[in-house]
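Down below is the structure, laid out as structure tokens.
We use all heavy atoms of the structure for the numbers below, so side chains are in, but hydrogens, waters and symmetry mates are not. Chain naming here is simple, since letters A, B, ... match the order of the sequence lines and numbering starts at 1 in each.
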Protein chains: 2
Amino acid sequence: MQNLNAIPLSSLRTIEVIARNGTLRAAADELGVTPGALSQRLAKAEAALGQVLFTRTSTGLQPTEICAQISPRLTAAIGELSLVVSDVQAIGQNTLTVTVAPIFASRWLIWRIKDFNDLNPEISLRVLPAVDVADLDHSEVDIGIRVGEDPALGAGATKLLDQRVFPVCSPEIAARIKSPDDLFTVPIIRENELLYGWRPWLSEMGLEGRDLSFGPTYADASLCLDAAMTGQGVFMAWETLACDALERGQIVAPFDVRSLTGAVYWFAVRTRSQRNPSVRKFKSWLETELACSVRYWNKQPETGA
Amino acid sequence: MQNLNAIPLSSLRTIEVIARNGTLRAAADELGVTPGALSQRLAKAEAALGQVLFTRTSTGLQPTEICAQISPRLTAAIGELSLVVSDVQAIGQNTLTVTVAPIFASRWLIWRIKDFNDLNPEISLRVLPAVDVADLDHSEVDIGIRVGEDPALGAGATKLLDQRVFPVCSPEIAARIKSPDDLFTVPIIRENELLYGWRPWLSEMGLEGRDLSFGPTYADASLCLDAAMTGQGVFMAWETLACDALERGQIVAPFDVRSLTGAVYWFAVRTRSQRNPSVRKFKSWLETELACSVRYWNKQPETGA
DNA sequence: TTTTGCATTTAGAAAATCTAAACGCGCCTT
DNA sequence: AAGGCGCGTTTAGATTTTCTAAATGCAAAA
């Protein structure tokens, strides 16, 4: 833990933001400084870590292999810090507390909170990443978003979206996959040794019954997605959780088939908060954003072809 | 994510270190600065967050309720950043890569790495938090540490330690527990809705067969431990994972009975690394440290009584 | 009552960081 | 092939932040 004394945390954030944005200018925008300042920070960070983190191209900064490996971890950790800060800042405000699965918080919601805040400056959103299935009515939480086949968190839940999945991997792995058959020759990343989502997808492709290759197993889908980005194999990803990485080009989808798993995104509201107008605003914002995440990627193949 | 522009990450680390150490002097030691500097940093951090984070006592700094809630999350996130940094720094060194469960990394190993580094400066340890059960021999990992009833990661695994569990909770909750019977009147924190470890413990206490109260459910033991610290209920914790929080007084053990779960800590070495002398050094260090973590707390009740 | 251990305050020194502008380099357009 | 555009980098100096060291105040322990 003391090794952080030598590397300022701000350097780590610099790396994370640059890796995610791809150019110094965009990163400088997000951080509210000039590109020159970032260039200096980056040089210092690389010196401190003793590693070259980006190869400079004429169109921006390309993460090196090392950087690509660590940047998802940086994003996750710094994102959690960001949530902690917004939690504290939300105290005493007109707060809407929403609990979501940790992965949904870190891979989707956190990137869109700012947009909600800009549209609704009077509401401060508090995100509680937890698998807390306790009764909403006996909690301090206004809203719960959960994915499952049955309505979650009590009968009052309404449906937000159908869950869909599709395989993702790094561009390098994708180059080895010409036809669906090639899927059986590459490592398949597992979540807790399971193969969630593969059955409906393979069946939709007419490939059921065949055994998939082995591959690394990770404890949660977030680590699996990171593994997919760093070229460890193919992962069957949730549409909503992969969309941002897909947009940034960190992962690609070798096939344009997305399958329904039967699971649904549920939106549950605590009885006491049913009439809170902020809840309605949040829900309609959420529906728009979710639809937008999904719709965008439905269009991609058409534009690409 | 942009809310971090207003609060420097160094402030968050300052808060985390102070909360964990309890006094400015100790925290200043860990950070390598003077107490005066920390006092200023803390004042600035509190101003930026708009919250008082510590009540000043004559013996040190007592975290406020808000601070106690966020500090475990800060510790986890900053600890992960620390691991990422040491991963990068280990590149090109005489590296020993060890994979452990994420919770074991963040709750136990990370706090002891520095000690290992001091004793073995020529070895740089790389910790990979993952539930990767893939064959060690086909990986870049030298060592795997896993907990389970059967030898993990192939037949070459050797036993490190028996796993033991015991209930922990915040001092406030503990005050409500006078006798074992009171356990059935307080919320019981669940990991994934399960009650891991309760059966052997209740049976050892002669309390089997009765139903425990409900309580919040979290996705992993780390969140459960946080929940226990913040007074959300009682959690059946692994000895090794609770020992540091116990030592710091963040949680207490209302009963001095620890039960064997039947699970064992396994130490597995990749074939290619069997003869690596660093592996032996790491193993013997690990055994000493593990024994020390456990022995210390066996003594506590005697000293306390 | 004295001592000890703690956090805080202050002033000035030291260090880190930023901005603005000039610059060099590829790529794309013309 | 020339010009323009967008990119990151460099520089110098100003600015801001952060630190140290020492003095101070406070409360509990001896």
Residue list, salt bridge (charged side-chain N to carboxylate O under 4.0 Å, His left out) with B:Arg25, at least two apart or on another chain: none
Test salt bridge (charged side-chain N to carboxylate O under 4.0 Å, His left out) applied to B:Lys44 - qualifying residues, sequence neighbours left out: none
With sequence neighbours excluded, residues passing side-chain hydrogen bond (donor to acceptor under 3.5 Å, both in side chains) with B:Arg13: A:Asn5
Strand contacts (DNA chain D) in residues 45-54 of chain B, 4.0 angstrom heavy-atom criterion: none
Degree of bending in the helix from C:dT1-D:dA30 to C:dT30-D:dA1 once both end axes are built from five pairs, to 10°: 30°
Every protein N/O within reach of nucleotides 18-21 of chain C N/O, cut-off under 3.5 Å:
from   : atom 1 : to      : atom 2 : distance (Å)
C:dC18 : OP1    : A:Arg41 : NH1    : 2.6
C:dC18 : N4     : A:Gln40 : OE1    : 3.4
C:dT19 : OP2    : A:Thr34 : N      : 2.9
C:dT19 : OP2    : A:Thr34 : OG1    : 2.8
C:dT19 : O4     : A:Gln40 : NE2    : 3.1

Non-hydrogen side-chain atoms of B:Cys169 and B:Pro254 separated by less than 4.5 Å: yes
Integer-rounded Å distance: D:dG6 C1' and A:Arg56 CZ: 17 Å
Please output the side-chain donor-acceptor pairs of residues 30-40 of chain B that fall under 3.5 Å, not counting sequence neighbours, one pair per line with the distance.
from    : atom 1 : to      : atom 2 : distance (Å)
B:Glu30 : OE1    : B:Arg20 : NH1    : 3.2
B:Glu30 : OE1    : B:Asn21 : ND2    : 3.1
B:Glu30 : OE2    : B:Arg20 : NH2    : 2.9
B:Thr34 : OG1    : B:Ala37 : N      : 3.4

Gap between atoms CG and C1', on A:Leu61 and D:dG6 respectively (whole Å): 13 Å
Flag side-chain contact, heavy atom, 4.5 Å: A:Phe116 against A:Glu289: no
Any A:Asp115 side-chain heavy atom under 4.5 Å of A:Trp285 side chain: yes
Report each atom pair, protein N/O against N/O of nucleotides 24-30 of chain D, whose distance is under 3.5 angstrom.
none

Residue pairs involving residues 78-90 of chain A (criterion side-chain hydrogen bond (donor to acceptor under 3.5 Å, both in side chains); sequence neighbours excluded): A:Glu80-B:Arg73, A:Ser82-B:Asn3, A:Asp87-B:Arg73
Partners meeting side-chain hydrogen bond (donor to acceptor under 3.5 Å, both in side chains) with B:Trp111 (sequence neighbours left out): none
Members of residues 8-28 of chain A that approach DNA chain D, where some heavy atom sits under 4.0 Å away: A:Thr23, A:Leu24, A:Arg25
Short side-chain N/O contact from B:Lys44 to OP1 or OP2 of D:dT18, under 4.0 Å: yes
Lys/Arg-Asp/Glu bridge criterion (N-O < 4.0 Å) met for B:Asp244, B:Arg112: yes
Partners meeting side-chain hydrogen bond (donor to acceptor under 3.5 Å, both in side chains) with A:Thr64 (sequence neighbours left out): none
Close side-chain approach of A:Ile18 to A:Thr23, heavy-atom, < 4.5 Å: no
Any side-chain heavy-atom pair of A:Ile103 and A:Ser222 under 4.5 Å: yes
Heavy-atom side-chain proximity of A:Leu49 to A:Ile15 below 4.5 angstrom: yes
Pair A:Arg56 + A:Glu46, salt bridge at N-O below 4.0 Å: yes
